[in-house]
Novice: 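Have a look at this one before I ask anything.
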Amino acid sequence: MAYRNVKKDDVIFVFDYAGEDDELISIIQNLQSQRQYAMLVSITGANNNTIQNMSNENLYLFTGELKVSGIDMTSHVSLIVIMELLLYQFMEYEKSKKL
């Protein structure tokens, strides 16, 4: 429901390692069917995938996939680092606008 409130100047981040989540793809298609939609930045694994191809910008996530007894134990540290760096850059940008 939240995607209906997205405005033209918003930035949407989509996280999906495989880049093939049907629900996310459907949401992106709904956003893009509107005449003016927000910028879409995806963070996916380093493979050619649907969400990457639908995005304005894509950041690759490099991590070793690990399953233990059928449980996904893949590290998400690199994703956290990417988001932290983006947050710091945004904070610097906001700070520079006030000067």
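Worth knowing before you read on, the calculation uses all heavy atoms, side chains too, and leaves out hydrogens, waters and symmetry mates.
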Novice: Taking a hydrophobic cluster as the set of Ile, Leu, Val, Met, Phe, Trp and Tyr residues connected by side-chain heavy atoms closer than 4.5 Å, whether directly or through intermediates, do Val77 and Leu85 fall within one such cluster?
Specialist: yes
Novice: So, Glu20 versus Thr50: side-chain donor-acceptor pair below 3.5 Å or not?
Specialist: yes
Novice: Out of Leu79, Leu86, Thr44, which residue meets the side chain to side chain contact (heavy atoms under 4.5 Å, CB included) rule with Leu59?
Specialist: Leu86
Novice: Side chains of Met54 and Gln29: does their closest heavy-atom pair fall under 4.5 Å?
Specialist: yes
Novice: Give me the atom names and distance for the closest heavy-atom approach of Ile43 to Met83.
Specialist: CD1-SD, 3.9 Å
Novice: Could you please spell out the steps behind the side chain to side chain donor-acceptor pair (under 3.5 Å) verdict for Glu92 and Tyr88?
Specialist: CA-CA 6 Å; Glu92 287 296 317; Tyr88 291 153; over 6 Å; no
Novice: Shortest non-hydrogen contact from Ser78 to Thr63?
Specialist: OG-CB, 4.3 Å
Novice: With the 4.5 Å side-chain cut-off for hydrophobic clustering, are Val81 and Leu61 part of the same group?
Specialist: no
Novice: Compare every heavy atom of Ala38 with every heavy atom of Asp10, then report the nearest pair and how far apart it is.
Specialist: O-CB, 2.9 Å
Novice: For residues Ile12 and Val41, determine if any side-chain heavy atom of one lies less than 4.5 Å from a side-chain heavy atom of the other.
Specialist: no
Novice: Do Tyr17 and His76 make a side-chain contact, defined as non-hydrogen atoms from C-beta onward lying under 4.5 Å apart?
Specialist: no
Novice: Could you report the tightest heavy-atom contact between Gln32 and Leu40, atom names first, then the distance?
Specialist: NE2-CD2, 4.5 Å
Novice: CD of Glu94: more than 12 outside heavy atoms within 6.0 angstrom?
Specialist: yes
Novice: If two hydrophobic side chains count as joined below 4.5 Å and joins carry through other members, does Ile71 share a cluster with Leu66?
Specialist: yes
Novice: Would you please say whether a donor-acceptor pair under 3.5 Å links the side chains of Tyr93 and Gln89?
Specialist: no
Novice: Are Ser42 and Asn58 close enough, and set up right, to give a side chain to side chain donor-acceptor pair (under 3.5 Å), and what steps lead you there?
Specialist: CA-CA 5 Å; Ser42 60; Asn58 183 69; 2.5 Å; yes
Novice: Please find the pair of heavy atoms, one from Glu23 and one from Asp21, that lie closest to each other, and give the distance.
Specialist: N-OD1, 3.1 Å
Novice: Is there a path of hydrophobic side-chain contacts, each under 4.5 Å between heavy atoms of I/L/V/M/F/W/Y residues, joining Ile51 to Met39?
Specialist: no
Novice: For Phe15 versus Leu24, what's the shortest heavy-atom pair and its separation?
Specialist: O-CD1, 3.9 Å
